[in-house]
Engineer: 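Just passing along the structure, written as structure tokens.
In this chain, residues are counted from 1 in sequence order.
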Amino acid sequence: MTQPIKGFSKLSKEDKITWIAENYTSDARKTSEILRQYWNDDKQLQQLHDEFIENTISNYYLPFGIAPNFLINNKLYAIPMAIEESSVVAAASKAAKFWLDRGGFKTKILGTQKIGQVHFFYTGDSKKLTAFFKKTKASFFDESKPLTKKMETRGGGISSIELRNMTQKLPNYYQLHCTFETQDAMGANFINSCLEQFATTLEEKATIEGLISEGDSLEVVMSILSNYVPNCLVRAEVSCPISELDLHKDVSPEKSAEKMVQAVAIANAEPHRAVTHNKGIMNGVDAVILATGNDFRAVEAGVHAFAAKTGSYNSLTEASIENGVFKFWIEIPLALGTVGGLTSLHPMVHLAHEILQNPSAKELMQIVAVAGLAQNFAALSSLVTTGIQEGHMKMHLLNILNQMKATNDEKLTLVSYFKDNTATHSAVVEALDKLRENL
């Protein structure tokens, strides 16, 4: 039985590998070989990667692809994507090509406000707390000046600080609900530093101003930013005359438009469908988020909370037919950064930003929203015409062939064959077996 280990983080990289290989894998030698295969030959670059997190033993690769021909606000982009799913880059590229000659994508920033909160419990009179906050509110801004000075020179800073009475949800629970502008930085460290200063100011002023009477108490529980950013919002849309919505040779543009609108309506009516619908959107969003060194977990959490803001889980995209025009759009919350974090450290992240022509945070929000919209358009286009499997399985074909240890010649033969035949897993296996039998 494997025993717990003490001081694992203090072991050398080699010793970490030896321990994990010997205690948790069946072939320690093979495990060590695989881990070393993924090391970078450039020792300085490998050290950089090792120091991103603790207990690093190797690198984990994801394909880094390009989806070209995205016309966004009349500017042409090639969008880098880091993702393992077979059809995502191809689908995004197909959607970009479709809309390239139909006016491209139009985007608009609807807001850039980010949120943080100081959560605390107060057992005294709520009216007394409200009066105290009004009297001392300016102190929260003043005492955080050393933290906000640089951000303010870039046009950012603290936008607002509110006292919110949350006692209807939890006894004695209040919060300082604060909003921030962080410009091109994602701003997590800035926001959290400000919030911790607010907490210090709250506790100190409560004592000085006599807020805490005999028998009363005020206790700060935590100070932390929120990844739910409904006012850090971007809109992306496409539109064209219905006659130009020629998605498939066997389906009329009018029927395609009608079914696209119905598909979105179903996602708004049925949460089971909405989750998969929005997952497809996030295929595009997350791929660009990863490639540009942003936090896809934070974005995912905020986006799905936004999708449920009405009390039920709904589609992030909308579609309409009006006056002979098909319109398809998305509004999505995205708190992103183009400075700080990995953007200046990770060479591939730095390159991704260069490929995107070094966008500002607002520009990156618009690019990411477009990637999500394009992905959803491509998915729905397939769903309402040929079905999702025809295109997806053809993109998945090489994965199946690699699992079957197909040679390069076998791959070439079968890729050609499945251009005109349905590529299911069983069909690929059968075709490969027949090919090998005939050799």
Engineer: Please check if atom CZ in Phe52 has more than 12 non-hydrogen atoms from other residues, nucleotides or ligands closer than 6.0 Å.
Structural biologist: yes

Engineer: State whether the side chain of His277 and the backbone N or O of Val264 hold a donor-acceptor pair below 3.5 Å, judged by distance alone.
Structural biologist: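 A pair under 3.5 Å: no.
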
Engineer: Just by modelled atom types, is the Gly337 backbone N or O under 3.5 Å from a matching donor or acceptor in the Asp184 side chain?
Structural biologist: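 Looks like no, no N/O pair under 3.5 Å.
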
Engineer: Surrounding NZ of Lys362 (heavy atoms of other residues, nucleotides or ligands, distance under 6.0 Å), is the total greater than 12?
Structural biologist: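 Open: at most 12 neighbouring heavy atoms sit under 6.0 Å from NZ of Lys362.
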
Engineer: Please indicate whether Lys128 has more than 12 foreign heavy atoms, meaning atoms of other residues, nucleotides or ligands, lying under 6.0 Å from its NZ.
Structural biologist: yes

Engineer: For Trp19 together with Tyr24, are the ring centres under 6.0 Å from each other?
Structural biologist: yes

Engineer: Keeping the roles fixed (side chain from Glu363, backbone from Ser360), state whether a donor-acceptor pair exists under 3.5 Å.
Structural biologist: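 Yes: the side chain of Glu363 pairs with the backbone of Ser360.
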
Engineer: Identify the heavy atoms of Ala199 and Val220 that sit nearest to each other, and give their distance.
Structural biologist: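 That closest heavy-atom pairing would be CB-CG1, 4.0 Å.
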
Engineer: Counting heavy atoms not belonging to Lys97, are there more than 12 under 6.0 Å from its NZ?
Structural biologist: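 Count not over threshold, so no.
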
Engineer: Could you walk me through whether Lys30 and Thr25 pass the side chain to side chain donor-acceptor pair (under 3.5 Å) test, one step at a time?
Structural biologist: CA-CA 9 Å; Lys30 185 177 180 181; Thr25 71; over 6 Å; no

Engineer: Would a distance-only check, ignoring hydrogens and angles, find a side-chain to backbone donor-acceptor pair under 3.5 Å from Ser144 to Leu147?
Structural biologist: no

Engineer: Are the side chain of Tyr174 and the backbone N or O of Val118 linked by a donor-acceptor pair below 3.5 Å?
Structural biologist: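 Absent.
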
Engineer: Give the ring-plane orientation class for Phe198 versus Phe140, where under 30° counts as parallel, over 60° as perpendicular and anything between as tilted.
Structural biologist: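 Rings of Phe198 and Phe140: perpendicular, over 60°.
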
Engineer: Ion pair present between Arg235 and Glu237, side-chain N to carboxylate O less than 4.0 angstrom?
Structural biologist: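 Between Glu237 and Arg235 there is a salt bridge, with a charged N closer than 4.0 Å to a carboxylate O.
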
Engineer: Is there a donor-acceptor pair under 3.5 Å between the side chain of Lys16 and the backbone N or O of Ile57?
Structural biologist: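 Here the side-chain-to-backbone pair does not exist.
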
Engineer: Looking at Ala188, is its backbone amide N or carbonyl O close enough to the side chain of Lys114 to form a donor-acceptor pair, meaning the two atoms are under 3.5 Å apart?
Structural biologist: no

Engineer: Tell me if the centroids of the rings in Tyr60 and Tyr38 come within less than 6.0 Å of each other.
Structural biologist: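 Not under 6.0 Å, so no.
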
Engineer: Would you call Glu152 and Lys149 a salt bridge, taking side-chain N to carboxylate O under 4.0 Å as the test?
Structural biologist: no

Engineer: Does the pair Glu181 and Ser159 meet the rule for a side chain to side chain donor-acceptor pair (under 3.5 Å), with working shown?
Structural biologist: CA-CA 7 Å; Glu181 292 286 348; Ser159 301; 4.6 Å; no

Engineer: Donor-acceptor pair, Asn314 side chain versus Ala274 backbone, under 3.5 Å?
Structural biologist: no

Engineer: Does one side chain, of Thr179 or Ser160, offer a donor that lies under 3.5 Å from an acceptor on the other?
Structural biologist: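 Yes.
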
Engineer: Using salt bridge (Lys or Arg N to Asp or Glu O under 4.0 Å), reason through Glu300 and Lys279 one step at a time and then give a plain yes or no.
Structural biologist: CA-CA 9 Å; Glu300 282 273 354; Lys279 185 270 180 185; over 6 Å; no

Engineer: For the residue pair Gln46 and Asp50, confirm or rule out a side-chain donor-acceptor distance under 3.5 Å.
Structural biologist: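 Indeed, the side chains of Gln46 and Asp50 share at least one donor-acceptor pair under 3.5 Å.
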
Engineer: Is there a side-chain contact between Leu356 and Leu364, using heavy atoms and a 4.5 Å cut-off?
Structural biologist: yes

Engineer: Counting heavy atoms not belonging to Lys309, are there more than 12 under 6.0 Å from its NZ?
Structural biologist: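 Yes, NZ of Lys309 has more than 12 neighbouring heavy atoms, counting only those of other groups under 6.0 Å.
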
Engineer: Would His177 and Gln117 count as a side chain to side chain donor-acceptor pair (under 3.5 Å) here? Give the steps.
Structural biologist: CA-CA 5 Å; His177 186 90; Gln117 298 163 320; 3.2 Å; yes

Engineer: Do Glu331 and Val234 touch side chain to side chain, with heavy atoms closer than 4.5 Å?
Structural biologist: no

Engineer: State plainly whether the residues Asp246 and Arg102 are in salt-bridge range, i.e. N to O under 4.0 Å.
Structural biologist: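 Salt bridge between Asp246 and Arg102, a charged N being under 4.0 Å from a carboxylate O: yes.
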
Engineer: Among His304, His272, Arg273, Glu270, which residue satisfies the side chain to side chain contact (heavy atoms under 4.5 Å, CB included) criterion with Tyr313?
Structural biologist: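 When side chain to side chain contact (heavy atoms under 4.5 Å, CB included) is applied between Tyr313 and each of His304, His272, Arg273, Glu270, only His304 qualifies.
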
Engineer: Give a yes or no on whether the backbone of Glu196 and the side-chain of Thr200 come within a donor-acceptor separation of less than 3.5 Å.
Structural biologist: yes

Engineer: With the threshold set at 4.0 Å, does a side-chain nitrogen-carboxylate oxygen contact exist between Arg36 and Glu14?
Structural biologist: yes

Engineer: Quick check: do Ile191 and Thr182 have side-chain heavy atoms less than 4.5 Å from each other?
Structural biologist: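 Yes. Closest side-chain heavy atoms under 4.5 Å.
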
Engineer: Is it true that Arg297 and Asp295 make a salt bridge, defined as a side-chain N closer than 4.0 Å to a carboxylate O?
Structural biologist: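 Yes.
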
Engineer: Going by the angle between their ring planes, with limits at 30° and 60°, are Tyr173 and His119 parallel, tilted or perpendicular?
Structural biologist: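 Plane angle under 30°, so parallel.
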
Engineer: Do you know which two heavy atoms are closest between Asn192 and Ser223, and how far apart they sit?
Structural biologist: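 Smallest interatomic distance, heavy atoms only, reads OD1-O, 4.5 Å.
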
Engineer: A side-chain contact here means heavy atoms from C-beta on lying under 4.5 Å apart; do Thr338 and His353 qualify?
Structural biologist: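 Yes; the side chains approach each other to less than 4.5 Å.
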
Engineer: Under 4.5 Å between any side-chain heavy atoms of Ile321 and Val325, yes or no?
Structural biologist: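 Side-chain contact under 4.5 Å: no.
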
Engineer: Do Ser239 and Phe326 come close enough that some side-chain heavy atom pair is under 4.5 Å?
Structural biologist: no

Engineer: In terms of heavy-atom contacts, does CG of Asn189 have more than 12 from other residues, nucleotides or ligands at under 6.0 Å?
Structural biologist: no

Engineer: Identify whether the distance between the nearest side-chain nitrogen and carboxylate oxygen of Lys327 and Glu322 falls below 4.0 Å.
Structural biologist: no

Engineer: Is there a side-chain contact between Val299 and Met282 (heavy atoms, below 4.5 Å)?
Structural biologist: yes

Engineer: Without swapping roles, check the side chain of Thr123 against the backbone of Ser217 for a donor-acceptor pair under 3.5 Å.
Structural biologist: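 The answer is yes, because a donor-acceptor pair under 3.5 Å joins these two groups.
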
Engineer: In a table with atom names and distances, give each donor-acceptor pair under 3.5 Å that connects a side chain of residues 339-351 to protein atoms at least two apart or in another chain.
Structural biologist:
residue : atom : partner : partner atom : Å
Thr343  : OG1  : Gly340  : N            : 3.1
Thr343  : OG1  : Gly340  : O            : 2.4
His346  : ND1  : Met348  : N            : 3.1
His346  : NE2  : His49   : NE2          : 3.4

Engineer: What are the two closest heavy atoms between Val238 and Leu373, and how far apart are they?
Structural biologist: N-CD2, 4.2 Å

Engineer: Could you walk me through whether Thr107 and Asn73 pass the side chain to side chain donor-acceptor pair (under 3.5 Å) check?
Structural biologist: CA-CA 7 Å; Thr107 62; Asn73 298 334; 2.7 Å; yes

